[in-house]
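Side chains are part of it too, since the values below use all heavy atoms of this structure and drop only hydrogens, waters and symmetry mates. Order of the sequence lines sets the chain letters (A, B, ...), proteins ahead of strands, with each chain counted from 1.
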Amino acid sequence: MDLATSMLVAASGMRAQSSRMRTIAENIANANSTAPTAQSDPYRRKIPTMTSSFDRELNATVVEAGRPVQDSSDFRSQYDPGNPVADAKGYVKLPNVNSLVEIMDMREAQQSYEANVNVLDASKTMLVRTIDLLNK
Amino acid sequence: MDLTGIPLLDVLRQRMSWLSARQSLLSQNVANADTPGFASRDLKPLDFEKLLNGSGVAAPGLAVTDPRHITASTAQPTGFAEQAGGDASTDITGNSVSVEEEMMKVADTQAQYQAATNIYAKAISMMRTAIDRSGP
């Protein structure tokens with residue numbers, strides 16, 4: 001049943017994109033989270049990953065969201081001596097999240113999600129047309 | 001005689017199963033539009049001449065030893081040959097899916113499927129006209 005398969009594949013794409021969206025939301029929400037103490041590190045940005053895998057049951061290549069990996073780039077630092085978690089020189093370590101990058105990533109996820117919804121819709125219409133042949 | 005024995009309906013049936021197989025491949029492409037290293041795929045176009053000559057029909061039914069036997073049709077959707085998707089761009093991660101082109105192919109497949117189902121319905125209604133005068 002190819003049309004049902006294609007709907008399930010599109011659903012796997014939607015699932016992967018929403019999981020990616022969740023990682024991006026975590027990043028954006030924690031964009032300004034400082035560490036609890038001056039010695040420890042603040043929130044580290046997560047990078048969402050995607051892998052394709054062959055589903056034997058569907059006989060199709062579906063997509064899965066992989067484990068998010070940590071971004072190992074340097075933390076931002078801001079001069080804020082009044083902050084309780086500032087170091088001896090008065091700098092506060094902030095997460096390595098760039099909101100501009102996150103917003104672009106979010107748009108991309110949104111677009112891919114919409115593409116999957118369109119495929120799902122097209123497959124559904126085709127399936128319905130086939131069933132409609134019974135009415136003729 | 002079963003319905004697949006009627007050449008017009010059989011050609012349409014094959015056309016429809018080709019289109020739904022293609023839709024399944026396209027949905028895999030769209031779902032994996034953000035997977036690194038994924039290459040887009042498509043189906044080879046149906047050979048219309050082969051289809052007309054009947055050599056595209058690879059469905060031998062059960063042998064009958066008496067003309068009054070009903071042939072059990074083993075008509076399975078035949079495997080369709082795949083080819084590379086031929087999308088224009090490959091991005092830095094080695095992914096060669098262009099969502100725009102895939103969406104165009106999806107819309108095209110959907111329209112062709114609609115055409116096929118409409119012709120199917122028309123063929124059936126013409127047959128019904130031939131059987132009795134009170135067509136639909």
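Applying the side-chain contact (heavy atoms from CB on, under 4.5 Å) test between S27(B) and each of L3(A), N116(A), V119(A) identifies V119(A) as the sole match. Each of L8(A), T5(A), V9(A), N59(A) was scored for a side-chain contact (heavy atoms from CB on, under 4.5 Å) with S24(B), with one residue passing: T5(A).
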Show the numbers, then the answer: is there a side chain to side chain contact (heavy atoms under 4.5 Å, CB included) between D132(A) and T117(B)?
-> CA-CA 9 Å; D132(A) 273 351; T117(B) 51; over 6 Å; no
Any chance you could lay out the side chain to side chain contact (heavy atoms under 4.5 Å, CB included) test for M50(A) and N95(B), step after step, and finish with the verdict?
-> CA-CA 12 Å; M50(A) 307 238 170; N95(B) 185 302; over 6 Å; no
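The minimum heavy-atom distance between N32(B) and S52(A), with the atom names listed, is OD1-CB, 2.9 Å. A pairwise comparison of heavy atoms in T109(B) and M126(A) identifies CG2-CE, 4.1 Å as the closest pair.
The environment of CZ in F75(A) is crowded: more than 12 heavy-atom neighbours from other residues, nucleotides or ligands sit within 6.0 Å. More than 12 heavy atoms of other shown residues, nucleotides or ligands fall within 6.0 angstrom of atom CD in Q83(B). Applying the 6.0 Å contact sphere to CD of Q111(A) captures no more than 12 heavy atoms from other residues, nucleotides or ligands.
Of residues 10-23 of chain A, those residues lying under 4.5 Å from chain B by any heavy-atom pair are S12(A), G13(A), Q17(A), R20(A).
Residue contact with chain A, scored on non-hydrogen atoms closer than 4.5 Å, involves the side chain of R41(B) exclusively. Interface remark: V30(B) contributes backbone and side-chain atoms alike to the contact with chain A (heavy atom separation under 4.5 Å). If you measure heavy-atom distances from A33(B) to chain A, you find no contacts under 4.5 Å at all.
Side-chain atoms of T125(A) and Y113(B) include no donor-acceptor pair closer than 3.5 Å.
Taken to the nearest 0.5 Å, the CZ atom of R129(A) stands 11.0 Å off from the CE atom of M16(B).
Side-chain atoms of Q28(B) and L58(A), non-hydrogen and from C-beta on, never get closer than 4.5 Å to each other. Considering only heavy atoms from C-beta on, T61(A) comes within 4.5 Å of F38(B) through its side chain.
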